[in-house]
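Contents: one structure, followed by commentary.
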Amino acid sequence: MHLKNLHLVHFKNRDQADLEFVDGINCFVGNNGVGKTNLLDSIYYLAFCKSFFNPIDSQNIQYDEGFFVIEGTFDRNEKDEKIYCGFKKGDKKQFKRNKKNYDRFSDHIGFLPLVMVSPADTELVYDGSEVRRKFVDGVISQFNSSYLDNLLKYNKAVSQRNALLKKMGEEQRWDASSVEVWNMQLLQYGQPIYEARREFLDEFIPIFQQYYNLIGNESEEVSLVYKSRLHEASFEDLLQQSEPKDARAQYTTVGVHKDDLKFEIKGHPLKKFGSQGQQKSFLIALKLAQFDFMKMKKGIKPLLLLDDIFDKLDKNRVKALMSLVSEHHFGQVFVTDANKTRIQELFEDIDTALRIFEVQPNETKLITEK
Amino acid sequence: MEAVEQFNTLPGIGKKTALRLAVHMLGREKEEVEAFSRAFSKLKENVTFCKECGNISDREICDICSSSRRNRSVICVVEDLRDVLAIENTQQYDGLYHVLGGHISPMDGIGPGDLNIDNLLTRAQNGETEEIVLALSTTMEGDSTNFYLYKKLQPFSVNVSTIARGVAIGDELEYTDEVTLGRSIVNRMPYESSISRKE
Ligand SMILES: Nc1ncnc2c1ncn2[C@@H]1O[C@H](COP(=O)(O)OP(=O)(O)O)[C@@H](O)[C@H]1O
Ligand SMILES: [Mg+2]
Ligand SMILES: [Zn+2]
């Protein structure tokens with residue numbers, strides 16, 4: 001699958017753009033703040049119906065303008081798919097495939113698989129467990145159709161049970177029959193979530209390890225660990241055991257909503273003990289593993305957007321990564337870098353179709369083509 | 001206009017329709033309009049809830065509960081009046097009802113104590129009840145309420161069943177079409193088998 005062309009009007013700092021891409025490597029080079037990441041974000045929009053960075057559509061309209069348009073033609077299974085996303089202040093966002101409006105954006109998401117590797121991924125290292133669960137859930141729900149439904153229902157059951165615990169706490173009583181009802185719902189939806197996560201991570205972690213060995217330093221022992229109290233005992237028993245604790249806390253203290261994906265280096269938290277370079281390699285390996293996983297499950301190579309990944313990665317790692325690109329392990333790739341010379345050197349003797357665009361404040365120029 | 005605002009508070013009536021209705025009422029005879037407003041005033045005054053089943057009634061015991069033609073050994077448990085009407089419309093059910101007045105939902109502040117449950121447990125032990133059919137909505141809250149009632153009914157010698165909802169997809173009883181709903185009432189199944197089917 002690849003994006004053939006992109007047409008933008010008033011999207012973020014891009015007033016107008018009309019770009020033609022190759023089914024290979026497409027690079028955006030230019031000074032910081034010039035709009036390279038914004039171009040990637042517009043491509044992200046076409047796949048996910050929203051920005052990678054800013055969920056508020058109106059803030060993605062160019063300052064002082066009233067609307068934005070993003071249009072792109074994809075070649076997907078040898079068929080042209082024209083995707084249109086338009087947003088006008090005060091109106092509903094329009095999202096179309098081949099001129100036909102979507103009723104629900106969720107019908108589109110997943111149709112054009114895409115993986116974005118971004119400096120913003122560091123939130124996966126620094127933020128709470130919620131962003132890591134979201135990462136895992138996002139990957140699983142792309143191929144397991146009942147997963148998202150179970151997740152929504154599970155979360156609702158947690159909210160209901162928490163409301164019950166709070167009320168009982170306030171009234172200083174314990175109503176076992178009512179608690180049991182919500183325990184049953186948690187089990188019904190939580191158990192399949194746990195199993196899906198375990199199955200996924202069993203497959204995913206080795207892929208991640210391979211990538212880290214390639215782009216990180218093999219002597220550093222890193223690991224990705226699925227943490228869940230459900231490893232210790234059955235969910236049913238855990239719920240039973242934690243009832244006194246739940247009663248005191250007035251919320252549900254055990255369950256898959258407490259799961260985490262631990263990032264470790266030599267058995268220690270990556271957040272505290274990893275260097276910036278190690279953290280970066282870790283996150284890139286994580287995202288590339290996501291790419292492989294989606295490719296395997298969907299049978300389509302996702303678009304790969306690599307935003308500023310060459311900073312802080314040494315030359316050898318970059319070379320190793322680029323060899324994968326030239327072996328056609330990836331499909332279409334978009335790369336941004338502030339360093340034009342680095343990019344030109346890097347891709348000098350790569351045997352893949354290549355286009356380098358220089359992004360300037362008012363235009364985006366094709367400067368190299370191979 | 002005050003009348004427009006009042007019409008507008010009704011479900012499904014927007015501003016435009018409210019205005020149209022008010023204009024229409026203006027065109028009617030004075031007596032007719034008064035008959036209208038009398039009927040509305042009386043609506044709330046005369047309506048009570050049946051002491052047996054909790055359904056809306058204008059007498060202490062409702063028509064269904066006091067009918068000699070109904071099968072008194074079966075009680076169908078529903079959330080509200082609309083469900084009774086929906087099931088009656090199928091003409092496939094001749095037992096009694098029990099109206100809970102909603103479903104358990106702690107987030108909305110509704111616990112078992114807020115529903116007409118104690119009365120149901122009393123009816124389960126009245127000697128003539130043999131089967132209790134749980135027919136709550138297929139939402140998570142409906143499911144939870146079914147499960148709660150099932151547990152509470154276990155000590156009594158009544159069979160607990162549930163309507164075969166495999167046929168109706170999701171949603172509230174009220175919106176299921178008549179034929180499907182009728183069929184699912186006829187083909188009800190033991191409650192145990194409905195929970196063991198879930199993984
Ligand atoms: N809605 C918007 N309208 C105009 N400019 C915007 C808007 N949103 C962001 N920008 C500008 O885009 C620039 C950042 O672009 P970005 O793509 O991140 O640059 P880089 O080339 O460094 O990746 C900033 O100067 C920012 O002010
Ligand atoms: Mg950038
Ligand atoms: Zn009655």
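First the proteins, then the strands, lettered A, B, ... as listed; each starts at 1.
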So with a 6.0 Å cut-off around [atom1] of [X], is the heavy-atom count from everything else above 12?
| X | atom1 | answer |
| --- | --- | --- |
| B/Glu128 | CD | yes |
| B/Glu32 | CD | yes |
| A/Glu130 | CD | no |
| A/Phe135 | CZ | yes |
| A/Lys50 | NZ | no |
| A/Lys93 | NZ | yes |
| A/Glu236 | CD | no |
| A/Lys89 | NZ | yes |

Proximity of residues 104-126 of chain B to chain A, residues having a non-hydrogen atom under 4.5 angstrom: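 Heavy-atom contacts from residues 104-126 of chain B to chain A are B/Ile104, B/Ser105, B/Pro106, B/Met107, B/Gly109, B/Pro112.
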Chain B neighbours within residues 159-175 of chain A, where any heavy atom lies under 4.5 Å away: A/Ser159, A/Gln160, A/Ala163, A/Leu164, A/Lys167, A/Asp175
B/Met140 CE to A/Tyr154 OH distance, which is reported to the nearest 0.5 Å: 11.0 Å
Distance, nearest 0.5 Å, that separates CG of B/Asp143 from NZ of A/Lys153: 9.0 Å
Worked check of side-chain contact (heavy atoms from CB on, under 4.5 Å) between A/Gln185 and B/Phe147: CA-CA 10 Å; A/Gln185 301 284 7; B/Phe147 185 68; over 6 Å; no
Structural part of A/Gln191 lying under 4.5 Å from a heavy atom of chain B: neither
